[in-house]
K.L.:
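There's a structure below that I have some questions on.
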2 protein chains.
Amino acid sequence: MTVDGRVARGERTRTAVLDAAVVLATEAGLHGLSLAQLADTLGVSKSGLFAHWRSKEALQLATVDRAVEQWQERIVGPALRAPRGVRRIRALHEARIDFYAARVLPGGCFFANTEFEYNARPGPVRDRLAEAFDRWTAFLERLVGEAVAAGELRDDVDVRQLAYEIDALGIAAAMRSRLLDPDTAYRHARRGVLHRLRASCTDPTLLPEGQP
Amino acid sequence: MTVDGRVARGERTRTAVLDAAVVLATEAGLHGLSLAQLADTLGVSKSGLFAHWRSKEALQLATVDRAVEQWQERIVGPALRAPRGVRRIRALHEARIDFYAARVLPGGCFFANTEFEYNARPGPVRDRLAEAFDRWTAFLERLVGEAVAAGELRDDVDVRQLAYEIDALGIAAAMRSRLLDPDTAYRHARRGVLHRLRASCTDPTLLPEGQP
DNA sequence: AATCAAAAAGACCGACCGGTCGTATTTATT
DNA sequence: AATAAATACGACCGGTCGGTCTTTTTGATT
């Protein structure tokens, strides 16, 4: 906020720490994240981290928030350049699985990995992840709803169901792109969503593509 | 193998350890599994574990194998009682998501959690998980292929693609049944697969159901 | 140049980690 | 009853964990 040099310096450090934390947590897990390793990676001292966050849990929560910001910038932002409606849904899904296929983060998807990691760890971190997931789901549903409202999808489409299935194919792609062949995972996730959208699309020319 | 008392006692211990390891690893992760906690849970000594497996990694590999056995008994076995074809595919998928909805393991699905955990951990354990996943995928594809051969699914169905989408909905259900509302996750995963199967089904009476 | 708070550093703590080792107990065979 | 192997145990090792403490450095303000 302030341009005060003292505060600005601390803010710069915090952002650098969180960016590194997202990368390390994607690999080792957010629970498995080591503060010593995080500090070493940045060339700072571990005790300095506790000057910015009062505990590891506080840093984990901040890391989730930072990962949400990155997701907005890298996945949602580009997709919003596509025209509203079916084309935007498709752009969003493809931006997402492109992200995995490009192996932007060596460890895969921060959210997919972390959400599975916290399946059996109730607490503030899991709650924060669940909130982020809720917002993401609501966003997907809004996009589908817009496409229905624009007449591009049949108006008997179950918006929540369609959004669920689109997201499910993205989740599966996040897993398989690391565990198995990434190209196959990418192609299957892409074709699955295209097929699903076409089944409810009122205008076939909205989704021009070679294979079904 | 032998009914020799010495071997039988050790075998009993090994099985008990692995069963407990599957439960603990589903919660804490297979990498995050603590041998001390595992030994305490069973009331045995930690050092005793190293008499049966030469390292933690060896125990982890054995745990994966044991989880595969349990999957066969609890998911695949019941599904194989359904008649071959579309009905068996549906039975398999429903046995799978029923398993999550029933919250049989408090931590969710051993394989889903673990496969995401090992996204960024190359090595023997990840290889073993990938092998198990390959066998599972091949099994799903075989079931779909059987349904096509029996004329229950249209013969222009892409077998691998359909198997991929069925599995993707199961993976997503495994995540959401813990992170979010389990009933919603169950219903969406079920409806998604039914909808997908009906789209390629030659005989609608094979999938009698209320909602689309 | 002096000041003073933000920021960073480094030594240190108890707890837990995977793993080793020597020893005691069980069990089938002789 | 004696033996030998399989099994189980408790003490202990070096290393890493999250977290605390005190001290030093940095940099804008006066």
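The sequence lines fix the lettering, A, B, ..., with proteins before strands; numbering per chain opens at 1.
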K.L.:
So A:Trp136 and A:Trp71, would you call those rings parallel, tilted or perpendicular, with 30° and 60° as cut-offs?
P.N.:
perpendicular
K.L.:
In whole Å, what is the span from the CZ atom of B:Arg12 to the P atom of D:dT7?
P.N.:
11 Å
K.L.:
Do you know which two heavy atoms are closest between B:Arg178 and A:Asn119, and how far apart they sit?
P.N.:
CB-OD1, 2.7 Å
K.L.:
So which atom in A:Trp53 and which in A:Ala62 form the shortest heavy-atom distance, rounded to 0.1 Å?
P.N.:
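Looks like NE1-CB, 3.6 Å.
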K.L.:
So does A:Thr13 get a side-chain nitrogen or oxygen closer than 4.0 Å to the phosphate oxygens (OP1/OP2) of C:dA8?
P.N.:
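Answer is yes, contact under 4.0 Å.
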K.L.:
Could you state the CG-P distance from A:Leu30 to D:dG18, rounded to the nearest angstrom?
P.N.:
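So the two atoms are 11 Å apart, to the nearest Å.
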K.L.:
In whole Å, what is the span from the CG atom of A:Asp40 to the C1' atom of D:dG18?
P.N.:
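About 14 Å, once rounded to whole Å.
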K.L.:
Using a 4.0 Å heavy-atom cut-off, does A:Gly43 contact any base of the nucleic acid, only the sugar-phosphate backbone, or nothing at all?
P.N.:
sugar-phosphate
K.L.:
Would you mind checking if B:Lys46 and B:Asp40 are paired as a salt bridge, meaning a charged N to carboxylate O distance below 4.0 Å?
P.N.:
no
K.L.:
Could you run through nucleotides 11-17 of chain D and give me one letter per nucleotide, 5' to 3': B if any protein heavy atom sits under 4.0 Å from the base, S if only the sugar-phosphate is that close, - if neither?
P.N.:
------S
K.L.:
May I ask you to verify if any side-chain N or O of B:His52 is less than 4.0 angstrom from the OP1 or OP2 atom of D:dA6?
P.N.:
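So the side chain of B:His52 is outside the cut-off, no N or O lying under 4.0 Å from OP1 or OP2 of D:dA6.
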K.L.:
Using whole Å, report how far CG of A:Leu38 lies from C1' of C:dA9.
P.N.:
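Value for this atom pair: 16 Å.
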K.L.:
Could you tell me the separation between the CG atom of A:Leu49 and the C1' atom of C:dA9, rounded to a whole number of Å?
P.N.:
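Those two atoms, CG and C1', are 12 Å apart.
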K.L.:
Cation-pi between B:Arg176 and B:Tyr100: NZ/CZ under 6.0 Å from ring centre and within 45° of the ring axis?
P.N.:
no
K.L.:
Between P on D:dT7 and CZ on B:Phe50, what's the gap in Å once rounded to a whole number?
P.N.:
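Computing the B:Phe50:CZ to D:dT7:P distance gives 17 Å.
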K.L.:
Strictly by modelled atom types, are A:Asp98 and A:Tyr186 linked by a side-chain donor-acceptor pair under 3.5 Å?
P.N.:
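A donor-acceptor contact under 3.5 Å links the two side chains.
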K.L.:
Using atom CD of B:Glu11 as one end and atom P of D:dA6 as the other, report the distance to the nearest whole Å.
P.N.:
14 Å
